[in-house]
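Numbering of ligands and ligand atoms starts at 1, following listing order.
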Amino acid sequence: MNKKITIAIDGFSSTGKSTIAKLIANKYNYIYVDTGAMYRAVTLFAKNNGFVEQDSLDRESLIANLPNISLRFQFNENLGFAEMFLNNENVEKEIRTLEISQLVSKIAAISEVRKKLVAEQQEMGKNGGIVMDGRDIGTVVFPDAELKLFMTASSGKRATRRYNELIDKGDVVSYEDILFNVQERDRIDSTRDDSPLVKAFDAIEIDNSDLGIQEQFDKISELINQKNR
Ligand code: DC
């Protein structure tokens, strides 16, 4: 039997990390963890409790309330992936809105939030057989992961993908707002003090601006097979 390895996928927002991670997890029967969903759920909690708005952040109240945040993934057979539950409530839809995307980088820059989520992520992946995507998986959460990928694509391509996703769901958004959000999150996520988004020295970079899903899937499957040989 093949050894179950740890696969860390990092990269900028809307680079298709989760799409490819889900396919890989299904093929190899690995657990998939979308760590962005965890930061989004904490952001939703902060918003619902009045701790964060576009122009304000009550850092201290959020930190004091971190013990009251319970996060859980629950696999949905029909969808084929795990949905995010915040304090036992399914928040999968609420965490994917543009409003949460506009607030999440502020919340993800708080060290106390990162400490809590990183500990939970390390616990989920302690037995291997996991595909985890995010911004700091290969650098902080699993620095010893057997396979590290770093996904990139032009901001224009990424904004178009995100715009189409939201429009397909029926959200009313403008392309300009999405492009601004993608570029702004790149900036905040890459320049924050705690665990900024950087490519791990041993990560393999995949620019998928002009790569289809199948090509990426084949390429990554080959990399996994090499690790298992
Ligand atoms: O992957 P995503 O776009 O759903 O992530 C939402 C935000 O969460 C992203 O802008 C930065 C933050 N994030 C992070 O700081 N560290 C992670 N491991 C995952 C996400």
Side-chain angles (χ1 to χ4, degrees), residues 6-22 32-47 52 54 57 62 69 71 73 81-84 86 91-125 130-143 145 148-153 155 157-163 165-166 169 171 173 177-200 203 208:
T6 297
I7 304 172
I9 308 185
D10 289 303
F12 296 101
S13 60
S14 305
T15 40
K17 299 184 295 295
S18 65
T19 306
I20 207 73
K22 279 178 206 157
Y32 164 57
V33 177
D34 169 4
T35 63
M38 300 171 74
Y39 287 93
R40 286 172 180 272
V42 174
T43 305
L44 181 67
F45 176 92
K47 182 185 93 96
V52 70
Q54 294 296 348
L57 171 64
L62 174 58
I69 300 180
L71 303 176
F73 286 103
F81 65 87
E83 296 177 294
M84 182 85 251
L86 164 64
V91 292
E92 189 56 36
K93 282 207 178 71
E94 288 98 314
I95 61 170
R96 308 284 170 195
T97 60
L98 179 58
E99 188 186 9
I100 294 297
S101 297
Q102 286 165 338
L103 299 171
V104 65
S105 288
K106 264 200 272 201
I107 301 297
I110 301 173
S111 290
E112 288 80 356
V113 170
R114 303 203 70 81
K115 203 166 157 219
K116 172 183 168 83
L117 299 194
V118 167
E120 293 183 11
Q121 291 152 11
Q122 288 172 334
E123 179 63 26
M124 289 181 222
I130 195 157
V131 187
M132 193 172 275
D133 80 27
R135 304 294 189 287
D136 59 344
I137 311 305
T139 49
V140 175
V141 183
F142 293 119
K148 298 182 186 179
L149 304 171
F150 191 83
M151 314 287 277
T152 62
S155 54
K157 288 261 161 118
R158 292 188 281 130
T160 303
R161 288 175 193 158
R162 184 50 67 102
Y163 175 76
E165 265 171 37
L166 291 172
K169 280 198 303 179
D171 288 6
V173 288
D177 284 350
I178 303 284
L179 180 63
F180 180 75
N181 175 249
V182 161
Q183 291 171 335
E184 197 51 16
R185 278 202 289 149
D186 287 357
R187 187 185 64 75
I188 303 176
D189 295 343
S190 319
T191 57
R192 67 181 174 221
D193 291 334
D194 189 345
S195 318
L197 169 65
V198 284
K199 176 178 168 297
N208 63 20

Among all protein heavy atoms, pick out the one at the shortest distance from [atom]; state its residue, atom name and that distance to 0.1 Å.
{"atom": "atom 16 (N) of ligand 1", "answer": "Arg114 NH2, 3.0 Å"}
{"atom": "atom 19 (C) of ligand 1", "answer": "Thr35 OG1, 3.3 Å"}
{"atom": "atom 2 (P) of ligand 1", "answer": "Arg135 NH2, 3.6 Å"}
{"atom": "atom 18 (N) of ligand 1", "answer": "Asp136 OD1, 2.8 Å"}
{"atom": "atom 12 (C) of ligand 1", "answer": "Ala108 CB, 3.7 Å"}

Task: Asn208 (side chain) donor-acceptor with Ala153 (main chain) under 3.5 angstrom - done: no

Could you tell me whether [X] and [Y] make a salt bridge, using a distance below 4.0 angstrom between a side-chain N and a carboxylate O?
{"X": "Glu112", "Y": "Lys115", "result": "no"}
{"X": "Lys116", "Y": "Glu120", "result": "yes"}
{"X": "Glu99", "Y": "Lys47", "result": "yes"}

Atoms in ligand 1 with a heavy atom of [X] nearer than 4.0 Å:
{"X": "Gly134", "answer": "17 (C), 18 (N), 19 (C)"}
{"X": "Asp189", "answer": "9 (C), 10 (O), 11 (C)"}
{"X": "Arg40", "answer": "2 (P), 3 (O), 4 (O), 6 (C)"}
{"X": "Ser105", "answer": "10 (O)"}

Of the side chain and backbone of [X], name the one, both, or neither that has a heavy atom under 4.0 Å from an atom of ligand 1.
{"X": "Arg192", "result": "side chain"}
{"X": "Met38", "result": "neither"}
{"X": "Arg185", "result": "side chain"}

TODO: Answer yes if the side chains of Asp189 and Ser105 hold a donor-acceptor pair under 3.5 Å, and no otherwise.
DONE: yes

Task: Minimal non-hydrogen separation, Arg161 against Gly16, with atom names - done: NH1-N, 4.4 Å

Task: Exceeds 12 heavy-atom contacts within 6.0 angstrom, atom NZ of Lys169 - done: yes

TODO: Would you sort out whether Tyr32 and Asp133 count as a side chain to side chain donor-acceptor pair (under 3.5 Å), showing the intermediate values?
DONE: CA-CA 8 Å; Tyr32 164 57; Asp133 80 27; 2.8 Å; yes

